[in-house]
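Note sheet for the following structure.
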Amino acid sequence: MNEMFDALTLARWQFGLTTLYHFIFVPLTIGMALLVAILQTLWVRTDQVKYLRLTKLFGRIFLINFAMGVVTGIVQEFQFGMNWSNYSRFVGDIFGAPLAMEGLIAFFFEATFIGLWIFGWDKLPKAVHAATIWCVWIGTVLSAYFILAANAFMQNPVGYELNAERGRAELADIGAVLTNPVAVTQFPHTIFAAVMFAGVVMVAVAAWHLQRRQYVDEMRTALRFGAWTNILGFAGAGLTGHSLGMVMTETQPMKMAAAEALYENASGADASFSVFSLGTPDGAHEIFSIRIPYLLSFLSNGTFDGSVEGIRDLQAEYTELYCGGGDALLTCPSDGQFAPIIWVTYWAFRWMIGLGALAALVSAVGLWITRKHIELPKWVWKVAIWTAPIPMLASLVGWVFTEMGRQPWIVFGVMTTEQAVSPGVPGWAVLVSLIVFTVVYGALAVVEFTLITRAAKEGPPEIAEDANGEPDQAQLGTVY
């Protein structure tokens, strides 16, 4: 019981909960910005008012989500100083660089063009105004890349030197930090996952209106556009996920072994992937499983005859490397264990893949059954609506796998999580802030859901046309 209320455990819970909560908004912001930009471009190119109406509808949803994402994201950086001051002091010189770039370059770029997009409807030429939302999307992906580069340093530390005299890591090569192989492969995987989420949100909004036979022309277009977006996003996430898996095997072999609960080295057919598995309570021995031969080898190495290291051999290797004496003791966990919580990594990896595949399957079926008509039973539309959170859940469990699979390190091979926590901070203080954050974030979740639901149910705005059949410019700046 005491362990559950110590500062380290509570700080981990707090950071995990606030990070996952913030990440609910991130993929929808990235994906929806892209879809809104495409819709507005279609309006500019075709002059079809339905694309303008869809742009306005989903642009409103994007703006609500963006505002909530900014509010929740600010808290993240404060926690580094409050609960993880040892970490900030040790690697702040490296970790802070891409975060500063995100704030000073990407976020201000993004915020500037959001302002131009919001207030420039009746003031800028159509093509120029459409370019502003594309710039917003570029800003969102730049923000994502800089943040992923910071996170990638924790997964695969590069571009730094240890200063023994000052007791800290110092930046030696910012180029190496920004081109970290983990960041380079994780970035497209994250973007495709974001596109999936935005696609199913669009499908859900369209399904709600089509169930009621409202705005049929616009919503049928939105439904099929969102479904295709989700399917293409899933294909992209799968391809980039394979590349990320190979990089992960090279940089963090224990994480890949934990993803499969692989205790012994395996190669070829023995390096199989278990779709489902039951094991002993400690997870060390398998009782029953459904396996696909060679698949783990392919996921890890890109070949069907490759080898994958097991948890036991890696544990022995890391014990000798990091707990062998001298300075190595600085990165040795207090319990000497280098494997993460196996059942968490094992099932998070499968839920990530399974949920993403389920969302894509629903979209594929939806495209087939709506190819000619939309006279469908109500339960079909309800399935489409309730598919909306599935890609989001896939992203969340994917991040659980990414971060918990790195344990016991906060920076792989350099600093353990238990060494990173702020000294002298009592558990009760962290507990109080954890409770406050949970209550506040819960209230914000209700506000977010209410605002987005209300905007979605209102549907696309009516847009008057002038004598030439063009949208009334005076009205464009007031309809959101």
Side-chain angles (χ1 to χ4, degrees), residues 19-39 54 57-59 61-62 64-66 68-69 136-138 140-141 143-145 147-148 185-208 219 221-245 299 348-368 370 381 383-402 448-449 452 456:
T19 299
L20 290 178
Y21 183 85
H22 173 60
F23 197 73
I24 292 173
F25 308 102
V26 172
L28 186 56
T29 295
I30 296 171
M32 194 58 74
L34 174 62
L35 300 193
V36 170
I38 293 173
L39 287 171
L54 290 174
L57 169 60
F58 292 104
I61 292 174
F62 161 72
I64 294 169
N65 190 77
F66 174 80
M68 297 296 286
V136 170
W137 180 69
I138 292 171
T140 65
V141 297
S143 288
Y145 190 84
I147 293 171
L148 289 172
T185 51
Q186 195 172 49
F187 171 70
H189 187 64
T190 303
I191 299 303
F192 279 118
V195 168
M196 285 185 67
F197 186 22
V200 294
V201 168
M202 186 172 287
V203 168
V205 174
W208 192 87
M219 291 306 157
T221 298
L223 180 82
R224 297 185 64 80
F225 180 57
W228 274 115
T229 298
N230 182 34
I231 293 170
L232 294 174
F234 176 71
L239 293 173
T240 55
H242 175 52
S243 300
L244 180 58
L299 293 174
F349 192 65
R350 280 147 186 79
W351 276 105
M352 175 184 66
I353 298 171
L355 289 169
L358 177 61
L361 177 62
V362 171
S363 289
V365 173
L367 283 172
W368 175 256
T370 60
W381 300 119
V383 169
I385 293 168
W386 285 103
T387 304
I390 293 179
M392 176 194 72
L393 294 174
S395 293
L396 292 181
V397 293
W399 275 109
V400 168
F401 169 75
T402 299
E448 159 86 359
F449 183 77
I452 286 184

Q. Got a sec, which residues hit side-chain hydrogen bond (donor to acceptor under 3.5 Å, both in side chains) with Thr370, two or more places apart in sequence or on another chain?
A. Arg224
Q: Kindly give the heavy-atom pair with the smallest separation between Ala237 and Phe192, and that separation in Å.
A: N-CB, 3.5 Å
**Q.** Any residue meeting ring-ring contact (aromatic ring centres under 6.0 Å, His included) with Phe349, in chain and number order, not counting sequence neighbours
**A.** Phe401
Q: Could you name each residue pair satisfying side-chain hydrogen bond (donor to acceptor under 3.5 Å, both in side chains) that touches residues 384-396, not counting sequence neighbours?
A: none
Which pairs of donor and acceptor atoms, one on a side chain in residues 354-368, lie under 3.5 Å apart (sequence neighbours left out)?
from, atom 1, to, atom 2, distance (Å)
Ser363, OG, Asn230, ND2, 2.7
Ser363, OG, Ala359, O, 3.4

Q: Output the distance between atom CZ (Phe58) and atom CG (Leu39), rounded to the nearest 0.5 Å.
A: 7.5 Å
Q. Which distance, rounded to the nearest 0.5 Å, do you find between the OG1 of Thr221 and the CG of Leu54?
A. 6.5 Å
(Q) Using 0.5 Å steps for rounding, measure from the CE atom of Met32 to the OG1 atom of Thr229. (A) 9.5 Å
Report, one line per pair, each donor and acceptor closer than 3.5 Å where one atom sits in a side chain of residues 194-207; sequence neighbours left out.
none

Q. So how far is it from Asn65 CG to Ile24 CD1, rounded to the nearest 0.5 Å?
A. 9.5 Å
Q | Value rounded to 0.5 Å, distance of CD1 in Ile191 from CZ in Phe187 | A | 4.0 Å
Q: Using a cut-off of 6.0 Å, state whether more than 12 heavy atoms not belonging to Trp351 lie near its atom CH2.
A: no
Q: Taking side chain to side chain contact (heavy atoms under 4.5 Å, CB included) as the test, write out the residues that go with Val26, two or more places apart.
A: His22, Phe23, Ile30
Q: Could you tell me whether the side chain of Phe62 reaches within less than 4.5 Å of the side chain of Thr29, counting heavy atoms only?
A: yes
**Q.** Residue pairs, two or more places apart or on separate chains, that pass side-chain hydrogen bond (donor to acceptor under 3.5 Å, both in side chains) and touch residues 185-205
**A.** His189-Thr240
Q | For Ile38, side chain to side chain contact (heavy atoms under 4.5 Å, CB included) partners two or more places apart | A | Leu34, Leu42, Trp134, Phe225
